[in-house]
Protein chains: 2
Amino acid sequence: MLMQNAQTLSPTHPAKPVDRWAAEQNGAGTAGLDALGVRMAFARNAEIFGEGEPTSYVYKVVAGAARTYKVLDDGRRQISSFYLPGEVFGLEATETHHCSAEAVTRSVLLVIKRSALVSHAEAEHRTAHMLWALTARELQQVRTHMLVLIRSAQERVACFLLEMADRMGVTDQIELPMSRQDIADYLGLTIETISRTLTQLEGTGAIAVPTCRRILLRDRKALKRLHA
Amino acid sequence: MLMQNAQTLSPTHPAKPVDRWAAEQNGAGTAGLDALGVRMAFARNAEIFGEGEPTSYVYKVVAGAARTYKVLDDGRRQISSFYLPGEVFGLEATETHHCSAEAVTRSVLLVIKRSALVSHAEAEHRTAHMLWALTARELQQVRTHMLVLIRSAQERVACFLLEMADRMGVTDQIELPMSRQDIADYLGLTIETISRTLTQLEGTGAIAVPTCRRILLRDRKALKRLHA
DNA sequence: CGGATGCTTGACGGATTTCAACCATAGTGG
DNA sequence: CCACTATGGTTGAAATCCGTCAAGCATCCG
């Protein structure tokens, strides 16, 4: 459940301005959410919610990163999405979650009661439109990700790096919050292929990998060429 | 544009009861849409809308089938979804479509003005919830489809056959509206692999393929075993 | 009948997975 | 402080699966 690996920080703590930028990035004006939620900290790999659990809360990343995923019977895991600071996840139109969520690193999340949002949406159509827009934006991102999944390993990794840089608002250096296994499960590849592809891209001079979590984009054009 | 390959049938024609079942299948109570729309016929492979075009209309399949897709720079096409009778597509929260749509076979669609829906949603929160629920349902289906895309060819084809049978409301025999190329682009495979996999499944007795568009599910358990 | 289209089948090669060993880093306890 | 272990990452070799290229077949329609 929610409280297990989490620790409440400050109820109704006002949003810091740093959220503003990311909220606008999100494109659905989620800044209004900030006053409604409670901040909580989650340990690395802590469960945020499980598949099938009631959708009691909606989450917004304040710091750190989260992942949503499903697992197949054979144990393989597909990560649907990563969520970076300013991004919202866990919002469903149904009563239960249809995927699970975990903290990628130690993270701070804004936790908002879903019922408050839903009832507010019944009175204020702009709130209703925000909920719809948030879900629609996720749909668009997942559809875009499907396009990535049908490509070659090199192209998938290049797309991933560009996507992360874009969403983190940087251009030439990214600090990955997630492991190679996470990347593999997001891109539908194995960790060995991820590793090999990164060294391969490093060999062509497209990127540099000073430490395994830090990646420099040395030749964005070469990456974009793979991005299609 | 919309009218090019289409032919108006009867404005504000009342919905036939056959839609009712499929609408309930859709799970979002879209039966209320039926009175708002106009029926139009589309030829096989006719464009319904294109990527980037304004989202002026929402569509509900009355007869036939539709597909939504994106194309990569290299010409590869990824079909996001097929839509069967009773299902709704083309609904976006944004002002432009982010994928294209075509008729798979000669089809009849109910065409509904989006602006009517959106303004109705501002007054009636149940309509707003329906729009949200429709988008959320699509999100769920696309996420499920992502799970299919990371699997082996045999598993993908088995999943596809079971999904189609389920959505068409049948158990042991399906009449596919789409070509091998469509299936390939939906599953992220080539037509050759689709063909080979079908003959392979036929060899193990899981299915039978009397004609290339008609498929009998002879051993659902074997297929389900691949379905995970 | 002949051409077009769509489907099937075969042979081959390449890309990715699998299996395995090895390396780097960080944390632990003697 | 230094083994020692655990975890995560890299690298190599072999096997497998799927894509590519090519040919052949069936069906439809003029």
Side-chain angles (χ1 to χ4, degrees), chain A residues 43-45 67 72 74-79 102 104-106 148-161 174-204 207-215 226, chain B residues 43-45 67 72 74-79 102 104-106 148-161 174-204 207-215 226:
Chain A
R44 191 167 102 97
N45 294 326
R67 58 176 175 253
L72 295 177
D74 61 11
R76 291 185 68 183
R77 175 183 69 157
Q78 172 64 27
I79 292 183
E102 293 171 348
V104 173
T105 62
R106 174 164 180 76
V148 175
L149 291 181
I150 63 168
R151 312 175 70 137
S152 74
Q154 258 204 352
E155 292 171 325
R156 290 189 224 190
V157 172
C159 288
F160 171 74
L161 294 177
I174 51 184
E175 187 77 31
L176 295 175
M178 70 288 288
S179 69
R180 296 287 187 271
Q181 186 64 63
D182 282 336
I183 301 173
D185 291 349
Y186 181 58
L187 298 179
L189 299 167
T190 60
I191 49 173
E192 294 95 332
T193 302
I194 300 293
S195 189
R196 268 188 265 265
T197 306
L198 285 174
T199 35
Q200 202 174 332
L201 288 174
E202 196 171 19
T204 66
I207 63 171
V209 190
T211 78
C212 66
R213 294 295 181 103
R214 169 171 299 134
I215 295 182
L226 295 170
Chain B
R44 191 166 103 96
N45 295 326
R67 59 177 175 252
L72 296 177
D74 61 12
R76 293 185 66 183
R77 178 182 67 159
Q78 173 63 28
I79 292 182
E102 295 172 347
V104 174
T105 62
R106 174 164 180 77
V148 175
L149 291 182
I150 63 168
R151 311 176 71 138
S152 74
Q154 257 203 353
E155 293 171 325
R156 291 188 223 191
V157 172
C159 287
F160 171 75
L161 294 176
I174 52 185
E175 188 77 30
L176 295 175
M178 72 286 288
S179 69
R180 296 286 188 270
Q181 186 64 63
D182 282 336
I183 302 174
D185 291 347
Y186 182 58
L187 298 179
L189 299 167
T190 60
I191 50 173
E192 293 94 332
T193 301
I194 300 293
S195 189
R196 268 187 265 267
T197 306
L198 285 173
T199 36
Q200 201 173 332
L201 288 174
E202 195 170 21
T204 65
I207 64 172
V209 190
T211 79
C212 67
R213 296 293 181 103
R214 170 172 298 133
I215 296 183
L226 295 170

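Order of the sequence lines fixes the chain letters, A, B, ..., with proteins taken first and strands second; residue numbering starts at 1 for each chain. FYI, side chains are in, hydrogens and waters are out, and symmetry mates aren't considered; it's all heavy atoms of this structure.
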Atom-pair distance ([atom1] on [X]; [atom2] on [N]), nearest Å:
{"X": "A:Gln200", "N": "C:dG14", "atom1": "CD", "atom2": "P", "value": "15 Å"}
{"X": "A:Glu155", "N": "D:dG19", "atom1": "CD", "atom2": "P", "value": "14 Å"}
{"X": "A:Ile150", "N": "C:dT16", "atom1": "CD1", "atom2": "P", "value": "14 Å"}
{"X": "A:Leu189", "N": "C:dA15", "atom1": "CG", "atom2": "C1'", "value": "11 Å"}
{"X": "A:Asp74", "N": "C:dT18", "atom1": "CG", "atom2": "C1'", "value": "15 Å"}
{"X": "B:Leu176", "N": "C:dC7", "atom1": "CG", "atom2": "P", "value": "10 Å"}

Indicate for each nucleotide in nucleotides 7-15 of chain D, in 5' to 3' sequence, whether protein heavy atoms under 4.0 Å reach the base (B), only the sugar-phosphate (S), or nothing (-). -SSBBBB--
pair [X]-[Y]: side-chain heavy atoms closer than 4.5 Å:
{"X": "A:Ser179", "Y": "A:Asp182", "result": "yes"}
{"X": "B:Arg156", "Y": "B:Thr197", "result": "no"}
{"X": "B:Phe160", "Y": "B:Leu176", "result": "yes"}
{"X": "B:Leu149", "Y": "B:Gln78", "result": "yes"}

Establish, with yes or no, whether the OP1 or OP2 oxygen of C:dT16 is under 4.0 angstrom from a side-chain nitrogen or oxygen of A:Thr190. no
How bent is the helix from C:dC1-D:dG30 to C:dG30-D:dC1, measuring the angle between the end axes built from five pairs each, rounded to 10°? 20°
Tell me, yes or no, whether the heavy-atom count around B:Arg44 atom CZ, taken from other residues, nucleotides or ligands under 6.0 Å, exceeds 12. no
Verify, without hydrogens or angle tests, whether A:Arg151 (side chain) and A:Leu226 (backbone) share a donor-acceptor contact under 3.5 angstrom. yes
Criterion side-chain hydrogen bond (donor to acceptor under 3.5 Å, both in side chains) against A:Asp185, the qualifying member of A:Arg67, A:Arg180, A:Arg77: A:Arg77
Under the side-chain contact (heavy atoms from CB on, under 4.5 Å) criterion, do B:Val209 and B:Leu201 qualify, and how do the steps go? CA-CA 10 Å; B:Val209 190; B:Leu201 288 174; over 6 Å; no
